[in-house]
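Before any comments, here is the structure.
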Amino acid sequence: MSIPDIFQEERRLGVGAERLGRMAAGVGVAAIAASLVLAAVTAGGVRRLAFAYLTSYAWALSLALGALFFVILQHLTRAGWSVVVRRLAEGVAATLPYWAALVLPVLVSMGVLYRWSHGDVVAADVLLQAKSAYLNVPFFVVRLTVYFLVWLLLTRFFVGRSRAQDASGDPAVSLLLQRRAAPAMIAFALTITFASFDLLMSLDPHWFSTVFGVYYFAGSIVGVVALLTVMALVLQRSGLLRHAITVEHYHDLGKLLFAFTVFWAYIAFSQYMLCWYAALPEETGWFVRRQTHGWGVVGLVLVLGHFLLPFLALLSRTPKRTPRLLAVAAGWMLLMHWVDLYWLVVPEVSREDAVPRLVDMTVFVAVAALGTAFVIWALRRHSLVPERDPRLAESLAFENA
Amino acid sequence: MATEILDNTAEDPGRRAPLVLGGHTFTTLTETVCEVVERPTPRAWWVAFSLSLALSGLFFALLGYLVVTGIGVWGLNIPTAWAFDITNFVFWVGIGHAGTLISAILFLFRQKWRTAINRFAEGMTIFAVVCALVFPTIHTGRPWFDYWLMPIPNQMKMWPQFRSPLLWDVFAVSTYFTVSLLFWYVGMIPDLATLRDRAKTRLRKVLYGIFSLGWRGSGRQWHHYERVYLLLAALATPLVLSVHSVVSFDFAVSQLPGWHTTIFPPYFVAGAIFGGFAMVLTLLIPIRAWLGLHHIVTARHLENMAKIVLATGMMVGYAYAMELFIAWYSGNPYERFVFINRALGPYAWAYWTMIGCNVLAPQLFWFERGRRNPLALWVVAMLVNVGMWFERFVIIVTSLTRDFLPSSWDYFRPTWVDLLTLAGSFGLFLTLLLLFIRFLPSFAMAEVKSVMPEAGLEHGRHRGHGQYWGEIPHQHDRQFEGGTP
């Protein structure tokens, strides 16, 4: 097999992508308007809207963060195979500035989302008083600012330098990114952990789990690998990167999707089983809420759809080497990742039933459509492959032996 | 090779570093590895073996003393029902994680450098698990009833408690042992056949002949062999995670503050890999120097291992930090007490030993000079070994000695039997290891050859994955041909 010559093919998004970006943005704005209207006209709609937004926002944020992790990891491990898909991950990570701006609705609706933000609630609650040094509004805002600053700096550095390498072709860039990857990983691990504590775990401020940060991380990696797979297939079907990305790269993405699906299940099982076994009321309350009034069904959907089905579907070689099948599985996992966040967030607002409201859907459409537009905007000015990465040739020639 | 490369730690992102140095060819590599087994037994080996065997004898003597006398010879008592026995068990099982990680997970991740160290690490894994298995066996107090742990159908309809993680341990560790042993042995077959073919004495010919299972090295056999290897790697990978997760369940399913926390499974797995790699470094650095294998276990290999030790050490540090933070964040006074007690209580010395060895010491590996100096590497690895033993000691003993009822608080002191049994377990470990080095191919010749340039030259431009050699024409060089940018 000869090395494909990617310089003969289209490597930049064209007018079609521009049109799709505009369309997606339009759909996003329309969906936001629809969500606002729905929230205004239904009883308790504003409250529900806040939780619906947090669900889909945490979903989209996890994908961007997962992408940032993916990029840093490739440099940290001197990965060769992944060079041809790394720019796609860089594009997803480069949407972080948009998500930084879009955290504002969460801050605006803090009073609805987080009961620890109310002084009178804290005053009547011994546990919340014990945590008030951490769970208070100013510190929360400061922390979120710090997280986003770290993420934006990391993105700027890792994505910016890689794009600059397209022009300079300087191998020293790769070495620099590799050296910075290890400390970047530490900053990333701490920020994603505490962000997940702040945004999601503190929805029930009494509940705590040391592995919660790893749980959110695991889901976000499942999400981003799935997203990269879908993106690769969509691009190839629209005539881009037809030679650069081969079945070998899909195979590796499929292996990662399988591995992190199992890793997610491992963390989810550990968290659940240990709380179930010890049966301490301070921990089980959170799970009881997610097992009663129909929420048990959502939990089972996760067990089946986020673990068992993809486990069986991705176990063998064929589906991983059939891009269309793999993309179906990947799309499914993106959806399941959203269900996972729905299961984390929404029981805190709707204990009585697990039925999604229309506003959950419209907000999801808004966030997904806007996210699509953001990714297109992040990718459009640059080549879709790191053209002069010193490991590009290795990536192009890569084969699973 | 015209010029001999001595340093393969330099970074050129466009080219993979060579993994075998010193101008080795297939022949010289085979000679170097087989010579360890074929040359007359060196005196140093006899000295080391005698010492290990003596220590191992002490180990079994103490076990005999324990069984004849009773558990009272140990320092543990209520409330400290677990002490050295379970600490040693978790310590040794943890050590036993590096081998399978290297042979299975690094294999799946196409880390070709693992070929130089995998056989040795796998052997170490087996021996560590053997040591580990001794401790729960004697911990039961009446080891002659240990077969009750097996779910054997019986007239009395007596079954083990299937809901107890202690029973899951029996299944998890024995499965792990079986698969690791298979992996180790299957991987060794081609190299055993090499030893058979080179054997000069009748006895060696027969024994290596039996254990190499009629290996002829035909294309068909290699095809099957590589299939099996991949499948075993895929089967062993979840085991690397499951064993120490189940071990962590022993603690985490309880309601005891300091034991019951959800991060325990991944935290224990990271700690096991951390400790296991440290033990590989501890043993491999002197053995590499002793056998003169610098061209096979190169500076780059040591550096990569140092990086893994640093990475997993940071994960362990992350887990410590999460435990501390959540203990505070939970607002639960018992949780908070346990962690204050660990850091400032009667076992503060053990806690800070653990932090110093596991979190602070590996920070040296941020520096190139730290990773490339074998002596510094060895010292840090040794500290990590100590630190990982103390980690289990801290978890077990601090939570037990000060539980919910202050009137029953206690301070655990090991007896001489405790201390010498721990020392003796190292005797058993080293005895097995020395026998392994002396009689079996402790470096995977066939696998190392597969990462040498000679292995793939006939395939021309074809490149398998993760190639560390040769040149692939750079696309961007061609782009600028003819002056068009």
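Computed over heavy atoms, backbone and side chain alike; hydrogens, waters and symmetry mates excluded. Residue numbers begin at 1 in each chain, while the letters A, B, ... track the order of the sequences. The shown structure was predicted, so the numbers you read here are calculated from the model rather than taken from an experiment.
For A:Leu135, the part lying under 4.5 angstrom from a heavy atom of chain B is the side chain only. The part of A:Tyr266 that comes within reach of chain B is its side chain, from C-beta onward, which places non-hydrogen atoms under 4.5 angstrom from that chain. Of the atoms belonging to A:Trp207, it is backbone heavy atoms, and not side-chain ones, that fall under 4.5 Å from chain B. In this structure, chain B has no heavy atom under 4.5 Å from any part of A:Gln129. Looking at B:Tyr318, the atoms closer than 4.5 Å to chain A (heavy atoms on both sides) all sit in the side chain, from C-beta outward. When heavy atoms are compared at a cutoff of 4.5 Å, A:Ser395 does not approach chain B at all. In this structure, chain B has no heavy atom under 4.5 Å from any part of A:Leu128. Proximity to chain B involves both the backbone and the side chain of A:Ala182, based on heavy atoms less than 4.5 angstrom apart. Only the backbone of B:Ser254 comes within contact range of chain A, with at least one heavy atom under 4.5 Å from a heavy atom of that chain. Only the side chain of B:Val269 comes within contact range of chain A, with heavy atoms under 4.5 Å apart. Within the 4.5 angstrom heavy-atom criterion, no atom of B:Leu256 approaches chain A.
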Run the side-chain contact (heavy atoms from CB on, under 4.5 Å) check on B:Val253 and A:Met273 step by step: do they pass? CA-CA 8 Å; B:Val253 297; A:Met273 193 279 282; 4.2 Å; yes
Apply side-chain hydrogen bond (donor to acceptor under 3.5 Å, both in side chains) to the pair A:Tyr215 and B:Thr262, showing each step before the final yes or no. CA-CA 11 Å; A:Tyr215 182 83; B:Thr262 50; over 6 Å; no
The test is ring-ring contact (aromatic ring centres under 6.0 Å, His included); show your working for B:Phe249 and A:Tyr277 and say whether it passes. CA-CA 10 Å; B:Phe249 292 163; A:Tyr277 203 115; 8.7 Å; no
Begin from the C-alpha positions of B:Met314 and A:Met185 and carry the test side-chain contact (heavy atoms from CB on, under 4.5 Å) through to its verdict. CA-CA 10 Å; B:Met314 296 306 288; A:Met185 215 40 128; over 6 Å; no
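Comparing A:Ala133, A:Gly213, A:Ala130 by how many heavy-atom pairs each has under 4.5 Å with chain B, the most go to A:Ala130. Heavy-atom pairs under 4.5 Å with chain B were tallied for A:Thr77, A:Asp252, A:Leu76; the largest tally goes to A:Asp252.
A distance of 10.0 Å separates CZ of B:Phe109 from CH2 of A:Trp81, quoted to the nearest 0.5 Å. Separation of atoms CD1 (A:Ile267) and CD1 (B:Ile263) is listed at 8.0 Å; rounding is to 0.5 Å. Atom CD of B:Gln255 is separated from atom CD of A:Glu283 by 9.5 Å, given to the nearest 0.5 angstrom. To the nearest 0.5 Å, atoms CZ (B:Phe325) and OG1 (A:Thr193) are separated by 10.5 Å. Rounding to the nearest 0.5 Å gives a distance of 8.5 Å between CG of A:Leu280 and CG of B:Asn332.
More than 12 heavy atoms of other residues, nucleotides or ligands lie within 6.0 Å of CH2 in B:Trp366, so this atom counts as buried by the packing criterion. The 12-atom threshold is not exceeded at CZ of A:Arg161, counting heavy atoms of other residues, nucleotides or ligands nearer than 6.0 Å. The neighbour count for B:Phe404 CZ, taken as heavy atoms of other residues, nucleotides or ligands under 6.0 Å away, is above 12.
With a 4.5 Å cut-off on side-chain heavy atoms, B:Tyr267 and A:Ser270 do not count as touching. For the pair A:Glu394 and B:Arg16, the minimum side-chain heavy-atom distance is below 4.5 Å. For the pair A:Arg78/B:Pro13, no side-chain contact is recorded, criterion being any heavy-atom separation below 4.5 Å from C-beta on. Side-chain contact between A:Phe269 and B:Pro265 is absent, with no heavy-atom pair separated by less than 4.5 Å. Between B:Met322 and A:Val211, the closest side-chain pair of non-hydrogen atoms is not below 4.5 Å. The shortest distance between side-chain heavy atoms of B:Tyr329 and A:Phe197 does not fall below 4.5 Å.
The two residues A:Ala278 and B:His260 make their nearest non-hydrogen contact at CB-CE1, 3.2 Å. Among all heavy-atom pairs drawn from B:Ala252 and A:Leu274, the shortest one is CB-CD2, 3.5 Å.
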